[in-house]
Amino acid sequence: MSRSERALVAERTLGYAAQNIQDPRLRTELLVEAAEARLAKGHVPRHLFKAYAAQLELADEEHEAGRWATASSAAAKALLLAFHRALHVDGLSSPLADNPARYTAPLRESRTAIALRSPRGRKRAAAAPPGDRPLRLLVAHHGNDNFLRPVLAHYAEHADVELKVLDTAADPTLAPLAKGVGRMIQRALGSQAAYGRRIEEALRPHLDWADVVFIDWCAVAAAFFTLVDPGPARIVVRLHSYEAFSHWPHIIDFSRVDDLVFVSEHLRDFCVSAIPRLKERKAPRLHVIDNAVQLDRFALPKRPGARFTLGMVGVSQVAKDPGWALEVLNLLREKDERYTLHLIGSPLRPDAGPAAARYYRTYQRELLRLEAAGAVRQVGQTDDVPGALTEVGVILSSSVRESWHLGLVEGAASGAVPVVRDWPFFAKRPHGARALFPAPWVVDDPAEAAERVLRVTATEEGWEKYGHEASEHAMLAWDWAHVKGHFDRLLLGSGPGSGR
């Protein structure tokens, strides 16, 4: 019996044994221990739902007794268990994606979770935009400004805006305070008063200065900021897909968020189903605004041979499922060995966890075989993505989940013909890849993807025509010249603007 098989037997034994134990604390301990053992091996535990629900019940017992520290610790353990990366990030499926409302049901029922998201609100309403001076805009993030650059460049030069940027991961005062899920939960539940005073002292000068605070990523910085009353500053938070599969939205006090921005309709719909607070009173206004990206710099002439070159931009996560792209490539090469694949960006890493490592081993074997045949080129990380895309004639999106897929849109803007997998996490919902992109772009499986590639590349003239149409659509729908107006209405107005 392999080590993995032994771990599965141990997890099942512990899980089933727990069902017959009368002592609720011991039963919870065994269920959680079994789940954690299985997750440590990168597998979905059989008794995961029961384990995290039981852990929340333990938190409720502690909360009822006024033991805030142990209640917070138990709640944090439940959230970290329920949103472990092996469940939602490092695999090709997710129990949360399968049924978001059912999966988060214990969070709707737990008294501790209810207390955690109970609206503390603000002492006064957000002030209207100033009429006698430039609007003071504070843009905050926690070590990741990847999706902010056009936004920052725009408002740095805007005559009616005074801009400041705050990185809570780099600021020497804020960085130590913006750590620790447990103490953030404790503070949200009303304890950790000294910690609360330190946060207040650290954030108050920023909040007193700003008219609008735009926090990118609905994660650490957003949870941190909403631990204090924002005063008259309007708080705007943008949520990308990563956070939807994490514990952070279940810690954030959304009653202190005035506007919550999503980059796609399917992500908004998913989050409304998955995050209890968004359906409750004092929820923020919800908006959909496309990602900010300057697409005109991608419109460069294609190099010879691009017609038969497939490309992917971004392959560093299992969710990108580059193995799906290799399947498409194999099907194409059965017809014509001129087809090759360029992988642009950091390669997939095996060290994210055991689930990612398993995927990596299978993927790497096939990748090395195709590389040896001259069918795959790993371009790697580059500062010149527009240049790398001049060699790509067909751009692939092979992901199991995306909120918007920047790399696909950049490829389309370059004149590469898009082939988009109907992202499985969202495929059965009203919105998804088929609602975001033109219908001909989206396919169900590798066979349909290969058929589309063969069709659009059948002739040089046809391929150029399809590529031109894709570029034109991308520029008209998603270029920053169009999207910036939505940001202006949201950030510089009173908040009702929307990208849809």
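What's counted below: heavy atoms across the whole structure, side chains too, no hydrogens, waters or symmetry copies.
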Is it true that a side-chain atom of [X] and a backbone atom of [Y] form a donor plus acceptor pair closer than 3.5 Å?
X	Y	value
D216	H141	no
W217	N144	yes
S118	I114	yes
Q378	L343	no
S398	K320	yes
S397	L408	no
R277	R281	yes

Pair [X] + [Y]: ring centers closer than 6.0 Å:
X	Y	result
Y242	W248	no
H88	Y103	yes
H473	W441	yes
F425	F245	yes

[atom2] on [Y] to [atom1] on [X], rounded to 0.5 Å:
X	Y	atom1	atom2	answer
H206	L166	NE2	CG	5.0 Å
T362	L367	OG1	CG	12.5 Å
L177	R183	CG	CZ	6.0 Å
R187	D253	CZ	CG	11.5 Å
S316	R349	OG	CZ	9.0 Å
I289	S264	CD1	OG	12.5 Å

Do [X] and [Y] make a side-chain contact, defined as non-hydrogen atoms from C-beta onward lying under 4.5 Å apart?
X	Y	answer
P386	D384	yes
R102	P95	no
S255	E280	no
P45	L87	yes
W324	V400	no
R421	E402	no
P130	D211	yes
H287	V236	no

Would you please classify the geometry between the W480 ring and the H154 ring as parallel, tilted or perpendicular, with 30° and 60° separating the classes?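 Rings of H154 and W480: perpendicular, as their planes differ by over 60°.
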What is the ring orientation for F83 with H250, classed by angle as parallel under 30°, tilted 30 to 60°, or perpendicular over 60°?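 Plane angle under 30°, so parallel.
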Given side chain to side chain contact (heavy atoms under 4.5 Å, CB included), test V237 with F225 step by step and report yes or no. CA-CA 10 Å; V237 174; F225 263 85; over 6 Å; no
Salt bridge between [X] and [Y], side-chain N to carboxylate O under 4.0 Å?
X	Y	result
R25	E62	yes
R149	D145	yes
D229	R122	no

Taking the six-membered ring of F270, is the NZ or CZ of R401 close enough (under 6.0 Å from the centre) and on axis enough (within 45°)? no
Worked check of salt bridge (charged side-chain N to carboxylate O under 4.0 Å, His left out) between R285 and D259: CA-CA 5 Å; R285 294 179 292 254; D259 299 278; 2.8 Å; yes
Please lay out, stage by stage, how Y359 and D321 fare under the test side chain to side chain donor-acceptor pair (under 3.5 Å). CA-CA 9 Å; Y359 180 95; D321 198 8; 2.5 Å; yes
Given L135, which of L163, V212, L491, D160 fulfils the side-chain contact (heavy atoms from CB on, under 4.5 Å) condition?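 Only one of L163, V212, L491, D160 forms a side-chain contact (heavy atoms from CB on, under 4.5 Å) with L135, namely V212.
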